[in-house]
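Only one structure is covered here, and it is reproduced in the block below.
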Amino acid sequence: MANVTLSKVRKSFGAFTALEELNMEIAAGEFIALLGPSGCGKSTTLRILAGLEFPTSGEISIDDRRVNDLPPGKRDIAMVFQSYALYPHMTVAENIAYPLKKHGVKRPEREAAVRQAAELLQLEPLLDRKPKQLSGGQQQRVALGRALVRDPKVFLLDEPLSNLDAKLRSYMRAELIELHRRLGKTMVYVTHDQLEAMTMATRIAVMHGGRLQQFDTPEMVYNCPANRFVASFIGTPSMNQLEGRVEGGAFILGPDRIAIDRTMFRDDLADGPAVLGIRPEYIQIGRGPLQATVRLAENTGHETILTLELSEGSRITARVEAGSRHKVGQVLSLGLQNDAVHLFEPGENGARLNKEQTGAAVIPMRAQ
Amino acid sequence: MPRARHLILNLVTWSLVLLIAFPLFWMIITSVKPQSELFRIPPTWLPETVTFEHYWRLLSETPFLRYFRNSVVLATTTTLFVVSLGTLGAYSLVRFNYRGRETLAMLVLFTYLLPSVVLIIPLYMMMVAIGLSNTLMSLILAHTTFALPYALWLLRSFMEGVPKDLESAALVDGATRMGAFRDVILPQLLPGIISTALFTFILSWNEYLYALVLVNSDAVAPLTTGVMSMLISAFNIEWSLLMAASVMMSLPLIVVFAFLQSYLTSGFGAGGVKG
Ligand SMILES: Nc1ncnc2c1ncn2[C@@H]1O[C@H](COP(=O)(O)OP(=O)(O)OP(=O)(O)O)[C@@H](O)[C@H]1O
Ligand SMILES: [Mg+2]
């Protein structure tokens, strides 16, 4: 069991800054998801933890020991690379056995470990093949196997399930959760799939543009997003964000007034421009102060996503039951569930203005 | 119409092939003709009697074998030097970030652009100064200097084709830098190393000018200069011996090529990383 700390880590490639002042404290045994859009610096963070990139400044420690100057092999980590990085001239079995060999494990134990990993990852029939004779998903499982054979302090996984089909992915997701529960190892898991992050992680680090946006439990990230980016990035369809003004006990949206409960928001909430956020599931169709026209109704089978145009022109999405019959062009009245309203500062990535623990009922994400 | 074009194309290609192959053919034919048939007019296309007496004479009565051994030592050592230095140099140029890396690479190539005549005198003076004149080592060093720049560039492009993540993975898996180099990079680089080795070996085997200038003792002369000085004098050229020597000089190259070519085409490398 080892904790991992990044403090004030910066990384620039020439003039380009990939990471700006990253601070993260990961407790021993946590399962951390690094979540964010492409190019936000997830892999860079992982490579810095692994010792494959040097931070431009800042400190990294693993198991309370500063590791800035330790080479990757001495950090006692295992890593799955986004590109898999399988050794092309070695068979699957040799690939998986390689880290054990480099750590001086004897042949019989090595073979047993390889067999065990192959069983877990359903790779037994492929052990004698070379990587180029495997499909993308099979290669990815070999990469995972090469990381899982060892017993390191920390696992670093860079999108290890991205190339698997839906069925195998959910199987592997369950296996990884189970594995984490059994081994209790610290894991840092990079993904841009929020479902993976929400279901697997004990905490999620949401990143954007080289900055950490929020580092909290899945419930908090979903229910109390720190800012507009997190609010829109987590959840599908993403949270509606409407630009307007706060005036006393109301949010002014074009011609409409939406009553808000000021006690839910920070005491320093002032009148003036703001952004109102509300998730699609908290839009109440059929009653309320707003008028909207149905522009699109998408039935996904278990629910219907409505795209609605408000009278002042902005569009919002609402999640309704699958059975409900709404026609394109139909005019509806709607309201917002009052305790599910978020307010954000205006501006591209305005901070959330709610008091911390408000928000609609907390949804339990991962039963521990 | 396409038929005619096809025909013409074939005709042109085959005449080119014949043009190039004819001297080789004539070399082999001449080497097995008896002396009496050599200058007969009209010439005989195929020898009436096949004889290996020239080969026998070459091996038993001349220092051919010594030249041959010198050439083998020269070309092999040069190849070893060039490949090991080139591989490490290319690794450094591709993997390490340091100031002036690109400039260094260009500079190395620049030496290759100079005509060898320009370099030969300074090289000779240097060899004399360090007491290596008239040794095989001086030739090995000289050949290394002119084969290395090209080898470095060749290997550099091969090295660029080896994904960085492979090495990173080996490092994370617990290998040292040298260990990762040996376990992961070298096997990936093998086709590049073999092509470079072939190129260097051929270059060194066939080199004439440096051998002529740097070495004038018969004891350390390689085949190119040795055979020439032995068989060609102002008054007389021993054609049949010369041709037999030429055939035997070409043999190692053909053998090496035939042996290594299968390595070049066996398609190492592919499939290691995604995309
Ligand atoms: N060696 C490098 N040189 C220059 N820029 C780099 C280098 N490595 C990464 N970057 C840049 O740093 C940023 C972050 O890269 P990183 O690979 O960490 O993204 P990521 O979050 O893993 O994205 P993805 O989800 O696409 O894998 C990108 O804009 C990338 O272009
Ligand atoms: Mg990445």
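Per chain, numbering begins at 1; letters A, B, ... match sequence-line order.
- Summarising the geometry of A:L86 relative to B:L166, their closest heavy-atom pair is O-CD2, 3.0 Å, with the distance given to 0.1 Å.
- Few gaps surround CZ on B:F25; more than 12 heavy atoms of other groups in view lie less than 6.0 Å from it.
- By the neighbour-count criterion of 12 heavy atoms within 6.0 Å, atom NZ of A:K153 is densely surrounded, having more than that number from other residues, nucleotides or ligands.
- Heavy atoms from other residues, nucleotides or ligands lying under 6.0 Å from CZ of B:F199 number more than 12.
- Using non-hydrogen atoms only and a strict 4.5 Å limit, no part of residues 104-118 of chain A faces chain B.
- Shown here is B:F110, whose CZ atom has no more than 12 heavy atoms of other residues, nucleotides or ligands within 6.0 Å.
- Contacts with chain A (heavy atom to heavy atom, under 4.5 Å) involve no residue of residues 82-92 of chain B.
- When every heavy atom of B:G174 is checked against every heavy atom of A:H103, the shortest pair comes out as CA-CE1, 3.8 Å.
- Annotation: residues 56-80 of chain A contacts chain B through A:P72, A:G73, A:I77, A:A78, A:M79 [non-hydrogen atoms, separation under 4.5 Å].
- Within the structure, side chain to side chain donor-acceptor pair (under 3.5 Å) pairs that include any residue of residues 136-149 of chain B comprise B:H143-B:S204, B:H143-B:E207 (at least two apart or interchain).
- Interface summary for chain B: among A:Q133, A:K102, A:R146, the most heavy-atom pairs under 4.5 angstrom belong to A:K102.
- Crowding of A:E25 atom CD: a count of heavy atoms from other residues, nucleotides or ligands under 6.0 Å not exceeding 12.
- Residues B:V172 and A:P99 form no side-chain contact, since every pair of their non-hydrogen atoms from C-beta on lies 4.5 Å or further apart.
- Looking at A:Y87, its side chain does come within 3.5 Å of a backbone N or O of B:A170 through a donor-acceptor pair.
- Side-chain contact between A:Y84 and B:D165 is absent, with no heavy atoms from C-beta onward closer than 4.5 Å.
- Atom CG of B:L190 sits about 10.0 Å away from atom NE2 of A:H89, to the nearest 0.5 Å.
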